Structures are given as structure tokens and as C-alpha cells.
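These notes concern the structure reproduced below.
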2 protein chains.
Amino acid sequence: MDATPKAVRHLIDAFNRLPGIGPKTASRLTYYLLRVGQEEAATLANALNELHQGTVFCSVCCNISEQDPCVICSDPTRERDTICVVEEPLDVLAIENTGRYKGLYHVLHGHISPMDRIGPDELRVRELTARLADHAVREVIVATNPTLEGDATAIYLGRLIEPLEVMVTRIALGLPRGGDLEYADRVTLAEALAGRRRI
Amino acid sequence: MDATPKAVRHLIDAFNRLPGIGPKTASRLTYYLLRVGQEEAATLANALNELHQGTVFCSVCCNISEQDPCVICSDPTRERDTICVVEEPLDVLAIENTGRYKGLYHVLHGHISPMDRIGPDELRVRELTARLADHAVREVIVATNPTLEGDATAIYLGRLIEPLEVMVTRIALGLPRGGDLEYADRVTLAEALAGRRRI
């Protein structure tokens, strides 16, 4: 007999719809919130309700932002002749965390994937080429993921942008720092070899 | 520069407070909800807000329920002479899913753990002994987890209940069905040997 209260089932279902959260984790989270009390659940509910009200898309770089243009696009100290193209907002954060990049960004919100019927028109590609129109940008660094789809997107952008007389580069593929050559997969090792540089 | 909007940070923090959800998963969930739109986030928020309003504790078995007494305790077809004692509401669900148990339950809401200062008084133990007072119960099956704390709780309950002239049993420990003897850990194998039965 399923004696689970409706309210419990609803929350389990809602958690279960999130990516990477299966029915077991969804149950555990729900019963955790039941145990710790109403306040914890209310905190999460409020944060969820305020998520979309508190965010806009930056009309320049298409990143998710509190203001338009976003703090990076409106920062006068950033180098305005370089645009780093990434797939997702989280990628901007990852690159910012390196502390090594001072240029601007462009967020595609996805990658080209014919299987999922996602072509350039479904991404923020038109917004990117519009930014190159005034010839102020010298280099576009394509930092899409090192996956089939990320590579396809990079190749597409390369062909699209090169005629505009802007240099297009791709972030390096190779062994991750702290990795072990012995345990590297064949493809990564081949790419590390192919991308070798003089020391 | 951390360009993350406040609303995004708040939701990441709220997800991150849930057990088993680290900062990376919290970010992924948040940006997923940003991408799929407001409706998905609102569904989860509503389910969270309704969680505590839609649930009560059953005054008999202490399980989380929609009504008091819960559907199992108020079901006239359940065998009322057997009580299965479990640690958490999810354990009731697991046993119900076997389809092999027709008795009643009692949910302790935890286990004895001196390290965490959880003794019998922090659990629903008094409620359990109260149910045994009218001598209608013949057997108490202790189905706490096969852990140190679950075992300690089982031993404590055994000593507490046996003087009340109620049989106390513990669910069997042994090899899991579909498991492989070769890969079983020593303790499980030792318990499977000790618990051997004639075929």
C-alpha cells in the first residue's frame, strides 16, 4: 500500500524532474526537508520564486545577469578587443575563476547538435556576429567544451567569423594539470602530442 | 570578478544546504532552472511550500501521513499483532514495496547514536512501548538498518520489550540476492554464515 502523503509525493516528483536527481535522491531530499522543518523548505521555495525575477539576459554578451548590460560588459577595465565564446553561464564563472582572462565574453546557451535539432539559429550566434560588425574586436577565443558538439560549434564559428577579419582561436586540448600520463585516455594523449609546444 | 546575480547565488546556496548536493550540483540545478524557465521553478517552489501543510505525524505509528491515524494504522485488513520498527518513513515504503508484510509499523525517526547525543528519549520509543501496553501485540520485528547504530537500537529495544512478554525479532543479515560471494565484504559473509539455515 502506498501510504505516502500527496504533498510528499508532489515534492518527490518535482525534485525528480531536475537533471541528475533520480527517484531515490528525490525521496531522500524530501524526507530530509520534512525532518528539518518548514523553514528550510521555505528558504528554498523563496530562492526558487525569486530566481527569474532577479535575473535578466545581458543584451551584449547574453550571459545571465542582475543588470543589463552585465557587470563584465559594463566594466571599463576589461579588454574590449577580445571575446571568449562559451556554451553556458557557468563556463564564464569557471574562466573568471582562473583570474587570467581580462576580455569580454559571449554566451551561446548551448552547442550545435543536429541530433537534438539545435543549429546556429537556436544559439546566440547572431548576437555574436553583430558584436564583430564595428571591427573593434581583434580575437575571438572559442572556449566551447572539448566534446564532439563543442568541436562542431567551434569549427562552425571559425568558418563564420574568419571572413570578418577577426582572429579565431580555440582553447588548448591536452593533459589536465595533475593528471597522470599513464591513466590518460588515448584521445586526450593524442591531442596533447599533436598540440606539443617548444619548451 | 564574480558576476553571478544575487538571485542565482541565493538559489545555489539553498540547494547546497541539502544533503548530498555540493556546490557544483547546486550550480547545475540552478542554471538548469534558469534555462527551462519560470514554470519549472514555480512547480518546485509550490511543492516545497505545501510539504508541511499537507502532512501530519500519525499519532499511532509516528509515520508521516496525510491523515491521523495514517492509512496503514486505520486499515482494518492489516494484522494488528505485529509491529515492524523502522528508523525512517522511507523504510516503511521499502518494506511495503516487498508486498510481503501485512502488519503495522512504528517509525522511530532515527537511531540511538551516543556520538550525536541521540538516546531513546530523542526517538519515538515511548510511543512504541505505549502501543504494547494492552498485550494485543505478539511480535515486534526490529528492522533498523544493518549498521552499528541500527544494531545498537535493536539491542536496546530487545532489552526494553522482552520483559513485556512480546517476541522481539531482527530482520536477517546475509548476502543480498543477486550478490556475488566473491565480492561480498568479510562482515556480510560472516553474518551470512552465522545466519545459515537448513535447506
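None of the values given here were measured: they were computed from a predicted structure. First the proteins, then the strands, lettered A, B, ... as listed; each starts at 1.
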Below 4.5 Å, heavy-atom pairs only: which of [options] has the largest tally toward chain A?
options	value
B/C70, B/A42, B/G99, B/G37	B/G37
B/S27, B/P89, B/A7	B/A7
B/T43, B/T55, B/L90, B/N49	B/L90
B/G110, B/P5, B/G54	B/P5

Discussion item. Quick test of your reading: applying salt bridge (Lys or Arg N to Asp or Glu O under 4.0 Å), list the pairs with at least one residue in residues 126-143 of chain B, sequence neighbours left out, ordered by first then second residue.
Written reply: B/D81-B/R138, B/D121-B/R126

Worksheet item: Side chain, backbone, both or neither: which part of A/E40 has an atom under 4.5 Å from a heavy atom of chain B?
Response: side chain

Worksheet entry | Contact class of A/L29 relative to chain B, heavy atoms under 4.5 angstrom | side chain

Are [X] and [Y] in one and the same hydrophobic cluster, where Ile, Leu, Val, Met, Phe, Trp and Tyr link if side-chain heavy atoms are under 4.5 Å apart?
X	Y	answer
A/F57	B/L34	yes
A/L173	A/I171	no
B/I83	B/Y156	yes
B/I141	B/I155	no
A/L160	A/L128	yes

Item to complete: State whether the number of non-hydrogen atoms from other residues, nucleotides or ligands found under 6.0 Å of A/L148 atom CG is greater than 12.
Response: no

Worksheet item: For atom CD of B/E165, is the number of surrounding heavy atoms from other residues, nucleotides or ligands below 6.0 Å larger than 12?
Response: no

Worksheet entry | Per-residue contacts, residues 10-22 of chain A versus chain B, heavy atoms under 4.5 Å | A/H10, A/L11, A/A14, A/F15, A/R17, A/L18, A/P19, A/I21

If you round to the nearest 0.5 Å, how far is [atom2] of [Y] from [atom1] of [X]?
X	Y	atom1	atom2	answer
A/E88	B/Y32	CD	OH	13.0 Å
A/L93	B/T4	CG	OG1	4.0 Å
A/E50	B/K6	CD	NZ	11.0 Å

Practice prompt. With a 4.5 Å cut-off on heavy-atom pairs, point out which of A/I64, A/V8, A/N46 contacts chain B the most.
Written response: A/I64

Response to the item:
Turns out that what part of B/T25 lies under 4.5 Å from chain A's heavy atoms comes down to neither

Worksheet item: Counting distance only, does the side-chain N/O of A/H52 pair as donor-acceptor with the main-chain N or O of B/E39 below 3.5 Å?
Response: no

